[in-house]
2 protein chains.
Amino acid sequence: MDNSEIERRVAEFVDACRRQGVKATHQRIEILRELLATQEHPDAETIYDRVRQRIPTISLDTVYRTLRTLEDMGAITRVGSMQDRARFDANADRHHHFVCCECGMIGDVYSDVLDRFPVPRELAEMGSVDWVYVELRGRCQKCQARAKKGKT
Amino acid sequence: MDNSEIERRVAEFVDACRRQGVKATHQRIEILRELLATQEHPDAETIYDRVRQRIPTISLDTVYRTLRTLEDMGAITRVGSMQDRARFDANADRHHHFVCCECGMIGDVYSDVLDRFPVPRELAEMGSVDWVYVELRGRCQKCQARAKKGKT
DNA sequence: CTAAGTGCAAATTTTTTGCTTCTGC
DNA sequence: GCAGAAGCAAAAAATTTGCACTTAG
């Protein structure tokens, strides 16, 4: 992302803070800037190491707290699973998953269409694709029902 | 999964153990059986709690070690991200990821085809799908190159 | 000025490891 | 019998929290 684009996104963030009554602190801005400047999808520790060069007094827990805040505000996203702990599956058949963003429920999804998913050829520049894993993200029936009831 | 199917998979596993010179212990078999019997994609602690009812002396670390072993043998898979730590992304545009299974490298993938992917209607029974996230799993160019060199 | 946020240290949670004893083959 | 595995306890990672001080608005 080029510099002007980064600054645009930062300004957007400062604005969102104002609207949401959240403080646009130096730390938050630098952490966001760091994430905007890289393509590497870094983890908390990596972000900490890099931002520390500019704000030497920043602490790792501020990084964790800030990442969570930015995530809640929708400024950044967590890559891969949304869960904290590892979960396992003994289903040997090729399959995909439906994941409920609300309760974390995971369901198996079988679909020929998904299995036969065409890999975009542009991908060749990144590497070879062994298989395409699809995660359908939404809300499970239970959570939908609960939300509807709560709204009444 | 019905009982005969479970036993078939267990027998298959015992066989795989024999072939690979790995011991088919009571604990391993029960952990696998537990995972085969459920659709819930449980985490280590949940598996521990359930298996403990049958093997009261089993320890949580055995569960962790066994899950890793089963994963290495290909008998089970880890759901969602293959990484241990959370990783973040400030890329606000809708996109997907290419993940290298060897080094963990994550690359952004933009694709209209992926974005417009039709959600299979059978999915309606599970819940509502907000968006389809696709993870293209394979080996990045660097790892491919390294593997080729190593083979010589 | 004041509520929200930071930094520090200490706690929690999740997962791994060293070592001794036990067990499948 | 013996290498590989289990169990225990303790450590290591990863992440969160309580509290006093600081800062954005």
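Annotation: of the two residues near DNA chain C, T66(A) and L60(B), the 5′-most nearest-nucleotide partner is T66(A). Annotation: of the two residues near DNA chain C, R85(A) and H26(B), the 5′-most nearest-nucleotide partner is R85(A). For the pair E45(A) and G21(B), nearest-nucleotide mapping onto DNA chain D gives the more 5' position to G21(B).
Between the CG atom of L67(B) and the P atom of dA5(D) there is a distance of 15 Å, rounded to whole Å. We find that CZ of R87(A) is positioned 15 Å from C1' of dT14(C), with the value rounded to whole Å. One interatomic measurement links the two molecules: OH of Y48(A) to C1' of dT6(C), which rounds to 13 Å at whole-angstrom precision. The CG atom of D49(B) sits 14 Å away from the C1' atom of dT14(C) (whole-angstrom rounding). The CD1-C1' distance, from I29(A) to dT6(C), rounds to 15 Å in whole Å. Atom CD in Q20(A) sits about 16 Å away from atom C1' in dG25(D), given to the nearest Å. Atom CG in D61(B) sits about 13 Å away from atom C1' in dT20(C), given to the nearest Å. Going from atom CD1 of I31(B) over to atom C1' of dG7(D) covers 13 Å, rounded to whole Å.
Residue R78(B) holds its CZ atom at 11.5 Å from CG of D43(B), rounded to the nearest 0.5 Å. Here the straight-line distance linking atom CD of E34(A) with atom CZ of F88(B) works out to 14.0 Å at 0.5 Å rounding.
Salt-bridge check for E5(B) with R9(B): failed, with every basic side-chain N at 4.0 Å or more from each acidic carboxylate O. In summary, R68(B) and D72(B) do not engage in a salt bridge, as defined by a charged side-chain N under 4.0 Å from a carboxylate O.
The base of dG24(C) does not come close enough to the side chain of R18(B) for any donor and acceptor atom to sit less than 3.5 Å apart. A donor and an acceptor atom sit less than 3.5 Å apart, one in the side chain of R65(B) and one in the base of dG18(C).
Dashed line: the shortest gap from a side-chain N or O of Q27(B) to OP1 or OP2 of dG7(D) is under 4.0 Å. Applying the 4.0 Å criterion to OP1 and OP2 of dG7(C), one finds that T57(A) has a side-chain N or O inside that range. For R28(A), a side-chain nitrogen or oxygen approaches OP1 or OP2 of dG5(C) to under 4.0 Å. OP1 or OP2 of dT6(C) has not a single side-chain nitrogen or oxygen of S59(A) nearer than 4.0 Å.
A tilted orientation is assigned to the rings of W131(A) and H96(A), their planes being inclined by 30° to 60°.
Of the candidates dT6(C), dG24(C), dG7(D), dT6(C) carries the atom nearest the T25(A) side chain, counting heavy atoms from C-beta on. Listed nucleotides: dT15(C), dT6(C), dG24(C). Nearest to the side chain of K23(B): dG24(C). In the set dG24(C), dG7(C), dG7(D), the nucleotide with an atom closest to the side chain of T62(A) is dG7(C). Here the nucleotide nearest the side chain of Y64(A), chosen from dA4(C), dA6(D), dA14(D), is dA14(D).
In this model, no donor atom of one side chain and acceptor atom of the other lie less than 3.5 Å apart for H41(A) and N91(B).
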